[in-house]
Amino acid sequence: MKHDHLLLSLEIAQFLYTEAELLDERRHDEWLALLAEDIRYWMPMRRNVKYGDTTREFTRETEDINWFDEGKDTLTRRVRQIQTGIHWAEEPQSRITHMVSNVQLLQVTHDDGIPREVIAKSRFLIYRNRVETETDLLVGKREDTLRRSGDSWLIARRKIILDQNVLLTKNLTFFF
Amino acid sequence: MSGYRAGMVDLASGLISREIFVNEEIYAAEQERVFARSWLFIGHESQIPNPGDFFSSRMGEESVILCRDRAGSVHVFLNSCRHRGMKVCRYDDGNTTVFTCPYHGWSYGTDGRLAGVPFFREAYHSELDRAKYGLVEVAQLCCYKGTVWANWDAAAPPFLEYLGEFRRFLDLILDGWDGREGQAELIGGVQKWLIPCNWKWPAENFSGDTYHNISHRSVDLVGAGPSGRSRRDYSELNVARRLHVALPDRGHQTITYMLPKDHQPQPAYQNSPEVAEYFRHCEAERRKRPGINSRMIGAPGEIFPNIALLPRQPRTLAVWHPVSAHQTEVWRFFFVDRDAPQAVKNFLRDYYIRYSGPAGMTEQDDMENWNYAHAASRGTIARRYPYTYEMGMGHAVENYEWDGLQMPGRVVDLTKAMASEEPMRNLYRRWAQFMEAESWDALMPWRQTARARAAE
Amino acid sequence: MSDPVNIRTLPVGTRVVLNSGAEVEIVSNPGDGVWLFGRYLPAADDDAEEMIFAQDVVAVRS
């Protein structure tokens, strides 16, 4: 049982590395193909709150203003915007590296003994360099719901927890 | 007018020096001359509904606390202990009975009164005059249709006088979509982010840059708007008179759209039949109301110095907080009608986030331009070449009227002209006045006019 | 010298002992870990609330 769990963790990690590769290589259409049609992609904003006030640290999905809180239609439009070649905030395109680590499986749902859905947590360090010397370093966590699709997986839900209050990058033209 | 510092803002020729964006002495002077005596946007009463509620805000570079005291009164305080300066509030918002300084324990009530001083009897021998050391409070405060504004200068005119005829444009963002007064509430969550440019780049852009559509062509191409096309709905805008309105005495200016009399609502928000019908109904109701706003459609505008309004698509207010000559912290607030159906609020929230802010497909390209225009302005050679703000000089008119509706101030009809830089000239005229004026006496020419008329 | 007491979450009604030996009943707790509002015991009907500084609290009685 433990052996299977370790193998699945490795498989999920490899999937996340493949996804990072697509983004870093600017293969955005192939990246979109990894997203389920009903994906929810959410990055809350964070507040400084009093010790113990756990309910108000994050803005709420589908209720408050967030950094991202959208589905595949908007994500696709973002990709198409970059692909126009005249999205000046991404023209010339940024150089970007996604480092993904600390991949842990929080929950595995089986069907007929086969893992069908996984909730995976990971950490990211995104290094973005732009034009001449503009550099951003963004660090945080992701909580993903992944759904088996053939031999691979689709991202059905991504919650991105960025460790910032005031956003320290001028824009979010890239994907987490 | 010779313009601030002999020619830096030369409105006779329409040339403005790059120095105003990059010069650090000018930036430092702005903190006194502009931000210490202008009306600044603090927040909205929907953020502090109950006694003890607070929201940490900003005025210029400084942290302030917006709060409601036990009796229900609204206050704005400098977020700094009177003893040794530590912030007495380091939370974004919440509810409290006291603001306590972690350094030496001084504690203030939500009315700003100094309540707790450790060892007052022993160390201070009961001699400290506590009444002198309450939290520093703004000189003037105004709550207008839920928005809270504050001014450090007691000599400044009251807020509505400061706004003057621009009030109708602020009303466009605060009144209901159906024309009922003051229906706006904030959606929870204030976007805050840092951009690498002087605050005046976004301020002049939102004053009414009608020339920069090419920046946003990529959004128009992918159709991020609420009807799946372009970035907003244009059916109504295309039949309206598109205007620049600039109030020279006040330094506020805006793009605006004036509808023909008896014009009927046009299709909008086509991505959702429910939302489309809601707005069709609101627009029909609005037209039944008396008053000019039934014929106005909101567009980007700027309240001097650093508050940007966008009443429609999206409905948002931004404050460009100065951090340094080369950096600005933007705070973005988003509005809906408080009694709009949840489906409408949800639809709009989705649209707002993908339009504005750092993840906003439209705002991203604006910021890129401001970023690199600012950087380019810093060079030794570059600074020798002033910027041309000459577009449409001399072509604004006063007493503009069309189809029975009048506009105040100096107006440029853009329906044919396409673009003008009248709003920018207006903004910098006022900025130069603030930089030169020793006091508010020199900044209120309308009072002298009124006195002269009264004397006649 | 007694161990310090964290007053931040002490409920209303708790009795604390001050370094003067006096006993105080908490009337309200602002939750800042620095101050309490309390009444000295034994209390008279018209006793005003006093502000009690954290450093003066040496023990929690109940």
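Each chain gets a letter, A, B and so on, in the order its sequence line appears, and its residues count up from 1. When reading the values below, keep in mind they use all heavy atoms of this one structure, side chains included, and skip hydrogens, waters and symmetry mates.
Other residues, nucleotides and ligands place more than 12 heavy atoms under 6.0 Å from the CD atom of C:E49. By the 6.0 Å contact criterion, OH on B:Y133 is open, its count of non-hydrogen atoms from other residues, nucleotides or ligands being 12 or less. Counting heavy-atom neighbours within 6.0 Å of B:K87 NZ, excluding the residue itself, gives a total of 12 or less. Other residues, nucleotides and ligands contribute only 12 or fewer heavy atoms inside 6.0 Å of the CZ atom of C:R61. In B:F119, the CZ atom is crowded: over 12 heavy atoms of neighbouring residues, nucleotides or ligands sit closer than 6.0 Å.
When heavy atoms are compared at a cutoff of 4.5 Å, B:V117 approaches chain C solely by way of its backbone atoms N, CA, C and O. Contacts between B:F99 and chain C at a heavy-atom distance below 4.5 Å are absent for every atom of the residue.
Of all the listed residues (B:T97, B:T96, B:T100), the one sharing the greatest number of non-hydrogen pairs under 4.5 Å with chain C is B:T100.
Nearest heavy atoms, B:A115 versus C:M51: O-SD, 3.3 Å. The minimum heavy-atom distance between C:W35 and B:W106, with the atom names listed, is NE1-C, 4.4 Å. Nearest approach of C:D32 to B:S107, heavy atoms of both residues: OD2-OG, 4.3 Å.
Residues B:P118 and C:Q55 form no side-chain contact, since every pair of their non-hydrogen atoms from C-beta on lies 4.5 Å or further apart.
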